[in-house]
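Written out below as structure tokens is the structure these notes cover.
Remember, it's a predicted structure, so these values are computed and weren't measured experimentally. One-based numbering, in listed order, for ligands and for the atoms of each. Quick note: numbers below take in every heavy atom, side chains included, and nothing from hydrogens, waters or symmetry partners.
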Amino acid sequence: TRSTRPQRMLKAVQKNATRGDPLSVISAIDRFCRHSEWAMNVGDEKGTILDSVVSEVNPAMALELGTYCGYSTVRIARLLPPGARLVTLEFNGDYAAIARQVIEWAGLEDMVQLVEGASGDWIPRMKEHFGVKTFDFIFLDHWKDRYLPDIKLLEECGLLRKGTVVLADNVICPGTPDYLEYIRNSPSYESNYFRSHLEYTKAEDGLEKSVYVG
Ligand SMILES: O=C(NCCc1nnc(-c2ccc3[nH]cnc3c2)[nH]1)c1cc(-c2ccc(F)cc2)cc(O)c1O
Ligand SMILES: [Mg+2]
């Protein structure tokens, strides 16, 4: 049967990127998505905003919801300080299998814990299962209707601390109106919108950066 888009993306990484070189993995995926087949990675334009926020936070403990093929996982993990950890959650087993190989090709498997399952099931288990106290940085890039329930769940599970930075992708396209309304009106967060474009297109999209103030 015909290969899937994530499988073709992985082939492009293995063909065009150098093992152990995260930047070559990132550019191989961006080239594939610009010149061969669009895919829902955060992309290069929003990716530079992601990079600047991760570098500013310099997290020891980071969480990503929505691994997909591991593009943003590699973008984040390559910037982490030694000993830091990134837990990334993927719902779809096929995506997870590709992401593991992309992360390994980048040589970042030691910093990354990829977990397969639903955010609603795993968030309540983060503390006892991963020995997480609180997260320093969280990247929301999973199903858009899960952003709001999951940020509330993260609060309830005591996984946020004063200063935790939450960065949300796709707040315009596909859009997360209920999440935006909540986070921008909540006294527990200071939010800023970083205007950009939907990956590899001219359509508007952006990232919402929110700092938890407790
Ligand atoms: O759906 C998206 N991303 C989500 C993938 C995912 N990968 N893993 C999950 C997961 C992970 C744990 C979960 N736990 C519960 N649900 C879960 C879902 N979700 C997405 C879609 C678009 C997009 C824009 C315009 C279009 F015309 C079509 C598409 C752009 C983007 O940047 C996206 O991120
Ligand atoms: Mg996205």
Exercise. Considering all heavy atoms of both residues, which atom of Pro22 and which atom of Arg78 are nearest to each other, and what is their separation?
Worked result: CB-CB, 3.8 Å
Exercise. Which of these, Ser119, Ala99, Ala39, has its nearest heavy atom closest to atom 14 (N) of ligand 1?
Worked result: Ser119
Exercise. Are His142 and Tyr68 close enough that their ring centers fall under 6.0 Å?
Worked result: no
Problem set entry | N/O donor-acceptor pair under 3.5 Å between Asp21 side chain and Leu23 backbone | yes
Exercise. Checking Lys127 side chain against Gly158 main chain: does a donor-acceptor pair fall under 3.5 Å?
Worked result: yes
Exercise. Under 6.0 Å from the six-membered ring centre of Tyr193 and within 45° of its axis: does the NZ or CZ of Arg184 meet both?
Worked result: yes
Exercise. Counting N and O atoms only, with roles assigned by atom type, does the side chain of Asp205 sit under 3.5 Å from a partner on the main chain of Cys173, one being a donor and the other an acceptor?
Worked result: yes
For this session: May I ask whether Asn92 places a heavy atom under 4.0 Å from ligand 1?
Result: no
Exercise. Of all N/O/S atoms in Asp141, which lies nearest to the Mg ion (ligand 2)?
Worked result: OD1
For this session: Starting from the C-alpha separation in whole Å, work towards a yes-or-no answer on salt bridge (charged side-chain N to carboxylate O under 4.0 Å, His left out) for Arg34 and Glu199.
Result: CA-CA 9 Å; Arg34 262 189 202 291; Glu199 47 268 26; over 6 Å; no
Exercise. Which is closest to atom 6 (C) of ligand 1 in terms of heavy atoms, His142, Glu116, Arg146, Lys144?
Worked result: His142
Exercise. Is the closest heavy atom of Asp141 to ligand 1 under 4.0 Å?
Worked result: yes
Exercise. Do Thr67 and ligand 1 have an N or O pair less than 3.5 Å apart?
Worked result: no
Problem set entry | Protein heavy atom at shortest distance from atom 5 (C) of ligand 1 | Met40 CE, 3.8 Å
For this session: Apply side-chain contact (heavy atoms from CB on, under 4.5 Å) to Ser36 and list each qualifying residue two or more places apart in sequence or on a separate chain.
Result: Phe32
Exercise. Among Tyr95, Trp38, Tyr68, Phe91, which residue places a heavy atom closest to atom 26 (C) of ligand 1?
Worked result: Trp38
For this session: In plain terms, say whether Lys133 and Asp136 are close enough for a salt bridge, that is, a side-chain N and a carboxylate O under 4.0 Å apart.
Result: no
For this session: Flag Glu199 as yes when one of its N or O atoms lies below 3.5 Å from any N or O atom of ligand 1, and as no otherwise.
Result: yes
Exercise. Numbering the atoms of ligand 1 from 1, which are under 4.0 Å from a heavy atom of Asp169?
Worked result: 32 (O)
Exercise. Considering only the protein, which heavy-atom contact is closest to atom 33 (C) of ligand 1, and what is its distance?
Worked result: Asn170 OD1, 3.3 Å
For this session: Looking only at distances, please establish whether an N/O atom of ligand 1 is found under 3.5 Å from an N/O atom of Lys46.
Result: no
Exercise. When the aromatic ring centroids of Phe91 and Trp122 are compared, is their separation below 6.0 Å?
Worked result: no
Exercise. What atoms of ligand 1 come within less than 4.0 Å of a heavy atom belonging to Leu198?
Worked result: 24 (C), 25 (C)
Problem set entry | Part of Asp205 with heavy atoms under 4.0 Å of ligand 1, whether side chain, backbone, both or neither | neither
Problem set entry | Identified side-chain hydrogen bond (donor to acceptor under 3.5 Å, both in side chains) counterpart of Ser196 within the set Glu204, Glu45, Lys46 | Glu45
Problem set entry | Nearest protein heavy atom with distance in Å, relative to atom 16 (N) of ligand 1 | Trp143 CE3, 3.1 Å
Exercise. Is the shortest distance from atom 8 (N) of ligand 1 to a protein heavy atom below 4.0 Å?
Worked result: yes
Exercise. Which of these, Ser72, Ala118, Pro174, Pro149, has its nearest heavy atom closest to atom 24 (C) of ligand 1?
Worked result: Pro174
Exercise. Checking only N/O/S atoms, does Asp169 have one that is under 2.8 Å from the Mg ion (ligand 2)?
Worked result: yes
For this session: Give a yes or no on this: more than 12 heavy atoms of other residues, nucleotides or ligands lie within 6.0 Å of atom CD of Glu190.
Result: no
Exercise. Strictly under 2.8 Å, is any N, O or S atom of Asn41 next to the Mg ion (ligand 2)?
Worked result: no
Problem set entry | Numbered atoms and elements of ligand 1 in range of Leu89, under 4.0 angstrom, heavy atoms | 11 (C)
